[in-house]
There are 2 protein chains.
Amino acid sequence: MDSKTKNRPLTPPPDGGRPTLKTIAFMTGLGITTVSRALKDAPDIGAETKERVRLVAKQIGYQPNRAGVRLRTGKTNVISLVLTLDEEIMGITSPMVVGITEVLAGTPYHLVVTPYSATKDALAPIRYILDTGAADGVIISRTEPHDPRVALLTERGLPFVTHGRTEMGVVHPYHDFDNERFAYEAVRELVERGRKRLVLLEPPPHLTFYSHMRAGFERGLRDFQADAVSFHHINIDHTLVEIRDAFETLMRSDDPPDGIVSGSGSGAIALIAGLEAANKTLGKDADMVSKVPSDFLRWLRPEVVTMYEDIRVAGRELAKAVIGHIDGQPSETLQSLSQPEFQSAVQVSIKR
Amino acid sequence: MDSKTKNRPLTPPPDGGRPTLKTIAFMTGLGITTVSRALKDAPDIGAETKERVRLVAKQIGYQPNRAGVRLRTGKTNVISLVLTLDEEIMGITSPMVVGITEVLAGTPYHLVVTPYSATKDALAPIRYILDTGAADGVIISRTEPHDPRVALLTERGLPFVTHGRTEMGVVHPYHDFDNERFAYEAVRELVERGRKRLVLLEPPPHLTFYSHMRAGFERGLRDFQADAVSFHHINIDHTLVEIRDAFETLMRSDDPPDGIVSGSGSGAIALIAGLEAANKTLGKDADMVSKVPSDFLRWLRPEVVTMYEDIRVAGRELAKAVIGHIDGQPSETLQSLSQPEFQSAVQVSIKR
DNA sequence: CAGCGCTACTGTATCGTTACAGATTTGTAT
DNA sequence: ATACAAATCTGTAACGATACAGTAGCGCTG
């Protein structure tokens, strides 16, 4: 107890602030380096020493200083969620953030939200993160078939995951909802209800899941023998008013659709409004199947058939995938596709 | 050009990575300290020197290393948004995050989302932030009259802002929606429609805006001479199913309410479901006024009178307030109350 | 022309951590 | 004994920025 108390932090106890390695070094009589290595379970530190260090660290509630680690190693312990400021009205951001943070809670990672305005370059936040080393991993959404963000991140070697897939021959982590399947099953459902003239409210053409959803829709039309009614000039990125007005016009036309597949929950609302503005009744003049991120429609318009896309789960998957990527797991193992499921007709218990 | 090129970063150009003060020092032939001070416009640096430094810094795209600044000064340039993982179904988080980031975009601040699960201590994330110095400012919601988080943050001197007010004699920044006024105007509206037996779906009693909303409701009852129907055991934090079932029971009772004030948009959905389950019709057997965070209800149930609470604006106000607090502005000047407004009856253009 | 004060600039130490290159001790083979 | 390896532990430097305590040069006063 005295033969060992020689050098070490010759300086007195660091002070009253939060504990650092120096504090532990002082308390254990060890060198700062030793303490550092002991806490990372390095092989050249004695078992008993590690034990002592860990005990003291725990007792005094030591938590490594993020700035110190970051400065020295470049590791930020930050995951960046890159978002458009102009998010959909039905706000998928909430459950997404919740899902992500649920996973991050058990890790040293913090979630930083990095926005970009749609009027600007979607690459801007990516460049910022790359240039400033602001994060260890990135989560991006609104993925395009040839996504420049994916190209840039891959080239620069920064781990990331996309919400949605790409078609650029690059193997990378992703999580996606099976929109092909969704549209296919939606068509099946409508045809089973005797509908034959179907319309699709689709995603904007530049996003990857546009072609997925269209493909599923068209495959369904073929397999179940129904016809498509064109609604091509309108997509889920249009305003609710635009969608409603366009759909009202369509429903007032000579040969209106009798089955509707809506690629978004908020779009569905506008479609319903348009349909009713044309003096038609949902469930009578037409049936509708919609993808939804919440329980809303099911409560207010039970006549709509809904397929639930669980964004919270998506957030969890995305978070797990980026971390996996950071940890060096092969990208192939970090890809997942969630299957659509029809929501149970009536009300199951809802959280909170 | 040579008489000055004496000492300075004797070491060669920092290297190919991102530029640091050293890079600029090398390029300008100045000392690192001088460059640092020049960039902060310190008074002891010559005007021309500052100009040169600024020019070079801009040219090479210098951005201060956050870890360096943080380690040395303790300034994190982080604002922490503290959230419950169990957010309401109608997700106010999305627009809130958008509003906050809109303001932070013009500042050096990053937004970090710090969650806590409702099952745990709401103080935990606050303690974490205080103990680790994780943020320069904090945004908290679900504010209580005697909020331990406010007490702790005040005591420790960490800038913060609350979404909602407190009643603890502490002057602090806040942004709030005028729920008193909302409930009062809601009662007025219902009475003007000939309704006399009113029910309130209120916030949970431990939150501050519970008493605000109740006070407005009761003042309205007095001023406009209507009666209250008790629905006390249920509040907006209950599940949709619980609310619906309870409300169905109430509507089937001997003397059901004919006017409904809903303190939340998602609650309104459950109330409508309950009312209809009791074979009543909204607009005929009863009218309803609801506070809403989106355009949903207005589109799907135009018979509901809605008052819009703009969460995005709230996010902006909150962000401005924390930053103001950090900058040392007096708390009194960082308090704001947003007034409820009835939404225009039909559809105005909706964003995206 | 010594001394003072001012302007403009600079070196050193430091924040907390880790990479790296030792240093010390002990045990073992020779 | 001597050398050598293995097992443990340690000091120094560095990441990038800033606080602080200078220093150098200049003009002016008396």
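Just so you know, these numbers use all the heavy atoms, side chains as well, and skip hydrogens, waters and symmetry mates. Chain A is the first sequence line, chain B the second, and so forth, proteins listed ahead of strands; every chain is numbered from 1.
Residue-level contact check: B:Asn65 touches the backbone only, with heavy atoms under 4.0 Å from sugar-phosphate atoms and none from bases. Using a 4.0 Å heavy-atom distance criterion, B:Pro64 is classed as a sugar-phosphate-only contact. Among the protein residues, A:Thr73 comes within range of the sugar-phosphate backbone only, with heavy atoms under 4.0 Å from sugar or phosphate atoms but none that close to a base.
Contact annotation: B:Thr49 side-chain N/O to C:dC9 OP1/OP2 distance is under 4.0 Å. Between A:Lys22 and the phosphate of C:dG16, there is no side-chain N or O to OP1/OP2 separation shorter than 4.0 Å. Residue B:Tyr62 places no side-chain N or O under 4.0 Å from the OP1 or OP2 atom of D:dG16.
Between B:Ile32 atom CD1 and C:dA13 atom P the separation is 14 Å, expressed in whole Å. In this structure, B:Asn77 places its CG atom 11 Å from P of D:dT18, rounding to the nearest Å. Taking atom CZ on B:Arg70 and atom C1' on C:dT14, their separation rounds to 18 Å, with Å as the unit. Separating the NZ atom of A:Lys75 from the C1' atom of C:dT18 is a distance of 14 Å, rounded to the nearest angstrom. Atom-to-atom, CZ of A:Arg37 to C1' of D:dT8 comes out at 11 Å; the value is rounded to the nearest Å. A straight line from CD1 of B:Ile24 to C1' of D:dT18 spans 15 Å, rounded to a whole angstrom. If you take CG of B:Leu71 and C1' of D:dA14, they are 12 Å apart, rounded to a whole angstrom. Taking atom CD1 of B:Ile45 as the reference point, atom P of C:dC9 lies 6 Å away to the nearest angstrom.
Between A:His110 and B:Tyr128, the two ring planes are perpendicular [angle over 60°; tilted spans 30° to 60°].
Classification of B:Asp131 and A:Arg18 as a salt-bridged pair fails, no side-chain N sitting under 4.0 Å from a carboxylate O.
Side-chain atoms of B:Arg72 and base atoms of D:dT18 include a donor and an acceptor less than 3.5 Å apart.
The nearest heavy atom of DNA chain C to B:Gly68 and to B:Val35 marks one nucleotide each, and the one closer to the 5' end goes with B:Val35.
Closest approach to the A:Asp44 side chain among C:dG16, D:dC9, C:dC20 is made by D:dC9 (side chain taken as heavy atoms from C-beta onward). Of the candidate nucleotides D:dG16, C:dT18, C:dT10, C:dT18 has the atom nearest to the side chain of A:Leu21. The side chain of B:Thr34 approaches C:dT10 more closely than any other nucleotide in the set C:dT17, C:dT10, D:dG16. The side chain of B:Ser36 sits closest to D:dT18 out of D:dG11, C:dT10, D:dT18.
Distance check: B:Asp136 CG to B:Ile326 CD1 gives 5.0 Å after rounding to the nearest 0.5 Å. Remark: A:Lys58 NZ to A:Leu39 CG distance equals 13.0 Å, nearest 0.5 Å. Separation of atoms CD1 (B:Ile126) and CG (B:Leu153) is listed at 5.0 Å; rounding is to 0.5 Å.
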